[in-house]
Protein chains: 2
Amino acid sequence: MAERRKVGNLLALAVLAALVEKSMHPYEMATFLKARGKDEDMPIKWGSLYTVVANLAKHGLVEAVESGRQGGRPERTVYRVTEAGRAELADWTRELVATPEREYPRFKAGLSVLGGLGPDEAAELLRRRLEALERGLAEQRAALDAQRAAVPRLFLLESEYELTMREAEAGWTRRLLADLTGGSFPDLDEWRRFHESGGV
Amino acid sequence: MAERRKVGNLLALAVLAALVEKSMHPYEMATFLKARGKDEDMPIKWGSLYTVVANLAKHGLVEAVESGRQGGRPERTVYRVTEAGRAELADWTRELVATPEREYPRFKAGLSVLGGLGPDEAAELLRRRLEALERGLAEQRAALDAQRAAVPRLFLLESEYELTMREAEAGWTRRLLADLTGGSFPDLDEWRRFHESGGV
DNA sequence: GGCCGTATACTCGTGGGCGAGTAAGGGGTG
DNA sequence: CACCCCTTACTCGCCCACGAGTATACGGCC
């Protein structure tokens, strides 16, 4: 296949996107990306920033442009995105948007081992999840509405998307819970018996 | 905070769940888990299996029970789950089910840098995603229906959940696409102009 | 009966990710 | 004017994940 991405960490995507707007030194990227709230969109670990920038440089996607020092502060290296970097950013974006990838949410892993617990505990856990989910939803909805006035929709797509997905999850959980407590879940007794005998 | 999980890799969760059913040696776990299709539920890399089992052993969650050889084959070490292992499995399951965690689907990352592309290309990419999504949905629905007859619902929850989420994603994408092509997306012209001037 | 492909069963090296550590300037306060 | 803490700006080193490699045996086919 088309050889794997030179730098796979999504933090690299954020860095490229930032450098397209303006050249920066790493620490500035961090504040810039935090201000933009990009760390809400991707699993960003700031400890990886310098490694990632170095890797981008190694592969010619960014390049050092200036390396001055101000006062006695540690030296700062300002980076600029290269043509190859722009191309990589565009290509990567295309891939991320056009190609749905198999995702592995942790909840799915949890569901797949849920049988090990009893049905009553399972229901209780789902209730807890649903509550947390609904609290979060209220917050997200409020935050989105607040931003709608100030920010163009283009920059709210991620939040819109996440909100929609969370709503779907809450809906599914609510239905499952109803089946479980309403008794319309099949083989409930078998599950309970199996667990009470094989369990702890 | 309650100190991080001893072994964090989700493959460890699958291994624990397998060993609760019966003691096994690592290679057998792999075939067992593949047969159960657990690699659909979690991002499992088989290259990590031996590392993960060793780590579980190191932390006392599983223990070696027998280490014989059959014929001239390489030595096989059979592992059994310990009491601590059972407890960890139950606790981990509870956490995964009851606590919604902030997830970072790659599509979200893609959306967050979509502005870098023009609106026309964006629409085209979304169209491609939607098509792929719908193809996948048809398959998943068929597979689920086929299993409904043979497998208790308890073991189909992960698939049900995933199906629901994918449907929600397809729905959102479809609506966004309609807004984009129907002209009801705000600031479309600004976006286009910005891109045509600042772009390549 | 010899050959080959596939299943069995691991081993190992590298490379990246990430947390924790470091160190100097600035500015506010008593 | 001395102290201290927060911000700026990185550096380092461990550890784990994972891909690629290895080695034997069994079964089937010609």
Side-chain angles (χ1 to χ4, degrees), chain A residues 1 3-15 18 23-35 39 42-59 61-62 64-79 102 104 106 109, chain B residues 1-15 18-19 23-35 39 42-59 61-62 64-79 102 104 106 109:
Chain A
M1 75 200 74
E3 57 263 50
R4 203 58 283 129
R5 226 96 237 169
K6 281 56 235 90
V7 185
N9 199 325
L10 279 180
L11 175 52
L13 184 76
V15 165
S23 297
M24 286 184 255
H25 58 96
Y27 190 84
E28 198 182 351
M29 300 173 199
T31 42
F32 181 91
L33 292 173
K34 274 177 199 155
D39 48 348
M42 323 166 173
I44 289 184
K45 310 301 160 96
W46 298 113
S48 312
L49 179 58
Y50 289 80
T51 316
V52 160
V53 171
N55 285 347
L56 284 170
K58 190 168 69 187
H59 293 289
L61 303 175
V62 306
V65 81
E66 175 198 347
S67 180
R69 62 172 61 228
Q70 281 200 23
R73 304 255 193 80
E75 187 154 6
R76 298 181 318 176
T77 309
V78 174
Y79 290 89
R102 174 134 239 167
Y104 303 93
R106 319 198 92 227
Chain B
M1 76 200 73
E3 58 264 48
R4 203 59 283 127
R5 227 94 237 170
K6 278 73 223 74
V7 185
N9 198 322
L10 279 179
L11 175 52
L13 183 78
V15 165
L19 289 183
S23 297
M24 283 184 258
H25 56 96
Y27 189 84
E28 197 181 352
M29 298 174 200
T31 43
F32 181 90
L33 292 173
K34 275 177 199 156
D39 47 348
M42 318 164 176
I44 290 185
K45 309 302 159 96
W46 298 113
S48 313
L49 179 58
Y50 289 82
T51 316
V52 160
V53 171
N55 286 347
L56 285 170
K58 189 167 67 187
H59 293 288
L61 303 176
V62 306
V65 79
E66 176 199 348
S67 181
R69 63 171 61 229
Q70 280 200 24
R73 303 255 191 79
E75 188 154 3
R76 300 180 315 177
T77 309
V78 174
Y79 290 88
R102 174 134 239 167
Y104 303 92
R106 319 198 90 227

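First the proteins, then the strands, lettered A, B, ... as listed; each starts at 1. As the structure is a computational prediction, the values presented were derived from the model and not from experiment. The analysis underlying the following values was restricted to heavy atoms, covering all of them including side chains, and did not include hydrogens, waters or symmetry mates.
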>> Using every non-hydrogen atom in the two residues, find where B:Ala14 and B:Ile44 come nearest and quote the distance to one decimal.
In response: CB-CD1, 4.4 Å
>> Could you tell me how far apart B:Leu11 (CG) and D:dC16 (P) are, to the nearest whole angstrom?
In response: 14 Å
> Partners of A:Tyr104 by side chain to side chain contact (heavy atoms under 4.5 Å, CB included), sequence neighbours excluded?
Replying inline: A:Arg102, B:Pro43
>> What's the separation between atom CG in A:Leu10 and atom CZ in A:Arg5, rounded to the nearest 0.5 Å?
In response: 10.5 Å
> Of the non-hydrogen atoms in B:Tyr79 and B:Ala57, which two are nearest, and what is the gap between them?
Replying inline: CE2-CB, 4.3 Å
> To the nearest Å, how far apart are A:Phe32 CZ and D:dT7 P?
Replying inline: 21 Å
>> Tell me the closest heavy-atom pair linking B:Ala18 and B:Leu33, and the distance in Å.
In response: CB-CD2, 4.1 Å
> Nearest to the side chain of A:Asn9 - C:dG17, C:dT8, D:dC18?
Replying inline: C:dG17
> Once you round it to whole Å, what is the distance between C1' of C:dA9 and OH of B:Tyr79?
Replying inline: 13 Å
>> Side chain of B:Arg76 only, heavy atoms from C-beta on: which candidate in C:dC10, C:dG17, D:dC10 is closest?
In response: C:dC10
> Which nucleotide in the list D:dC18, C:dG16, C:dA9 gets nearest to the side chain of B:Tyr27?
Replying inline: C:dA9
>> Quick check on D:dC10: is either OP1 or OP2 less than 4.0 Å from any side-chain nitrogen or oxygen of A:His25?
In response: yes
> To the nearest angstrom, how far is B:Lys6 atom NZ from D:dC16 atom C1'?
Replying inline: 16 Å
> Taking all non-hydrogen atoms of both residues, which atom of A:Asn9 and which atom of A:Ser48 are closest, and how far apart?
Replying inline: ND2-CB, 4.2 Å
>> Could you tell me how far apart B:Leu13 (CG) and D:dA17 (P) are, to the nearest whole angstrom?
In response: 14 Å
Nucleotide N/O to protein N/O under 3.5 Å, stretch nucleotides 19-22 of chain C:
unit_1, atom_1, unit_2, atom_2, d
C:dG19, O6, A:Gly47, O, 3.3

> Does some side-chain heavy atom of A:Trp46 sit less than 4.5 Å from a side-chain heavy atom of A:Tyr27?
Replying inline: no
>> Expressed as a whole number of angstroms, how long is the span from A:Tyr50:OH to C:dC18:P?
In response: 17 Å
> Once you round it to whole Å, what is the distance between C1' of C:dG16 and NE2 of A:His59?
Replying inline: 11 Å
> Over how many whole Å does the gap from B:Arg5 atom CZ to D:dC15 atom P extend?
Replying inline: 21 Å
